[in-house]
Amino acid sequence: MTLATLADVLQPALRQGYAVGGLVTLGWEDMRAYVAAAEAEGVPVILQAGPSCRAHTPLPVLGKMFRHLAEGASVPVVAHLDHGYTLEECREALDNGFTSLMFDASRKPLAQNIDETAKIAEMAHAAGISCEGEIGFVGYSGGESSAGTDPDEAAQFARETGVDAMAISVGNVHLQQESSAGLDEERIRAIEAATDVPLVIHGGSGVPEAQRRSLARNSNICKFNIGTELRMAFGAALRDAVNRDPDRFDRVQILSETHDPLVDTTRTVLRAFSGAQQ
């Protein structure tokens, strides 16, 4: 069994100069492909259940799916709650086998964000699992705007919450379908100077691959969340499978044809993060 906590995979990444992919799952087909890709590359992987995933599949089921995949995997697999918004949601994930809780109070005032996140971190650590928090709201493509992370607030947040990883807002945006101009490296360096907690980039699909490679090796960014570009790859493979034979209706046959293309795309994503661990 290679079930791991977030701290288990991020602390070696911080020390050795690489990053780990936090891959956004929506169902069995993609999470299975992500683990296969991680095994092929020989790297750890973080399976993430975000709000849209949880709206489709209940947390107790997701916990069993993640743990089942981890038990058969040859690489460390983290079962991660992404963007948990309430104590109750985080507790449900903990009770159902998740090994990492990402609590998001980034829309709230700093003091409230610190207070609520600290409670989640305390609960997680008491159970022997990890906690990620967010300081500086990361916005959405075509939606809410980001609020950049203040380095002094980041240092206070890390110190007073005790989180194992800290998501920051440095020009990254959720749900981007094309690469942006890139992250604000000056702000990243200022945050690094203020705290040594492993840093997380949400909205990693919008970060140019060259910058992902560079930051994975030469910064305290130890986790990139990747969702949109993998969903696009899955969607393209599914569309091809459906269109190849309009008379087919068996979804198991159709969905099986998404596996290899998604594994290939995921391997390319993960390869950009790898460094001294290979």
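Both L81 and Y34 are part of a single hydrophobic cluster, where members link through side-chain heavy atoms under 4.5 Å apart. By the rule that hydrophobic residues join a cluster once side-chain heavy atoms approach within less than 4.5 Å of another member, M123 and I114 end up as members of one cluster.
Side chain of Q211 to backbone of L183: a donor-acceptor contact under 3.5 angstrom is found. Looking at D164, its side chain does come within 3.5 Å of a backbone N or O of C131 through a donor-acceptor pair. When atom types are taken as modelled, the side chain of R217 and the backbone of S274 share a donor-acceptor pair closer than 3.5 angstrom. In this structure, the side chain of R213 does not engage the main chain of E209 through any donor-acceptor pair within 3.5 Å. The backbone N or O of A49 lies less than 3.5 Å from a partner atom in the side chain of R54, making a donor-acceptor pair. Without hydrogens or angle criteria, D8 side chain to T5 main chain gives a donor-acceptor distance under 3.5 Å. The main-chain N or O of L26 is found under 3.5 Å from a side-chain atom of D30 such that the two form a donor-acceptor pair. Between the side chain of T57 and the backbone N or O of L62 there is no donor-acceptor pair closer than 3.5 Å. A donor-acceptor pair under 3.5 Å is formed between the side chain of E39 and the backbone N or O of S74. Of the possible polar contacts, one joining the T149 side chain to the S169 backbone as a donor-acceptor pair under 3.5 Å is found.
Put simply, NE2 on H80 and CG on L6 are 6.0 Å apart, with the number rounded to the nearest 0.5 Å. Interatomic distance, CD1 of I135 versus OG1 of T117, reported as 8.5 Å (0.5 Å rounding). Interatomic distance, CG of L270 versus OG1 of T265, reported as 11.0 Å (0.5 Å rounding). Separation of atoms OG1 (T266) and CZ (F234) is listed at 11.0 Å; rounding is to 0.5 Å.
Ring planes of W28 and H68: tilted class, angle from 30 to 60°.
Within the 4.5 Å cutoff, the side chain of V200 has no heavy atoms near those of the M102 side chain. Between M65 and L47, the closest side-chain pair of non-hydrogen atoms is not below 4.5 Å. T99 is listed as a side-chain neighbour of L3, based on a closest heavy-atom distance under 4.5 Å. The closest side-chain heavy-atom distance from Y85 to R107 is below 4.5 Å. Looking at heavy atoms from C-beta onward, V75 lies out of side-chain contact with V43 at the 4.5 angstrom threshold. Under the 4.5 Å side-chain criterion, counting only non-hydrogen atoms from C-beta, P60 is in contact with E92. Looking at heavy atoms from C-beta onward, I221 lies in side-chain contact with I188 at the 4.5 angstrom threshold. V242 places a side-chain heavy atom less than 4.5 Å from the side chain of I254.
Neither side chain, H83 nor E132, offers a donor N or O lying under 3.5 Å from an acceptor on the other. In summary, the side chains of E29 and T258 do not present any donor paired with an acceptor at a separation below 3.5 Å, with no hydrogens or angles considered.
In this structure, R248 pairs ionically with E257, as a charged nitrogen and a carboxylate oxygen lie closer than 4.0 Å. A salt bridge does not link K119 to E122: none of the charged nitrogens lies less than 4.0 Å from a carboxylate oxygen.
Across Y18 and P12, no two heavy atoms sit closer than the pair OH-CB, 3.5 Å. Annotation for V9 and P44: closest pair CG1-CB, 3.8 Å, computed over non-hydrogen atoms.
The local environment of NZ in K64 is sparse, with at most 12 non-hydrogen atoms from other residues, nucleotides or ligands closer than 6.0 Å.
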| request: Applying salt bridge (charged side-chain N to carboxylate O under 4.0 Å, His left out), run through E192 and R189 and close with a yes or a no. | output: CA-CA 5 Å; E192 287 178 332; R189 299 307 176 193; 3.0 Å; yes
| query | Which is it for E229 and R212 under the salt bridge (charged side-chain N to carboxylate O under 4.0 Å, His left out) test, yes or no, and what are the steps along the way? | reply | CA-CA 14 Å; E229 71 186 88; R212 290 186 215 169; 2.5 Å; yes
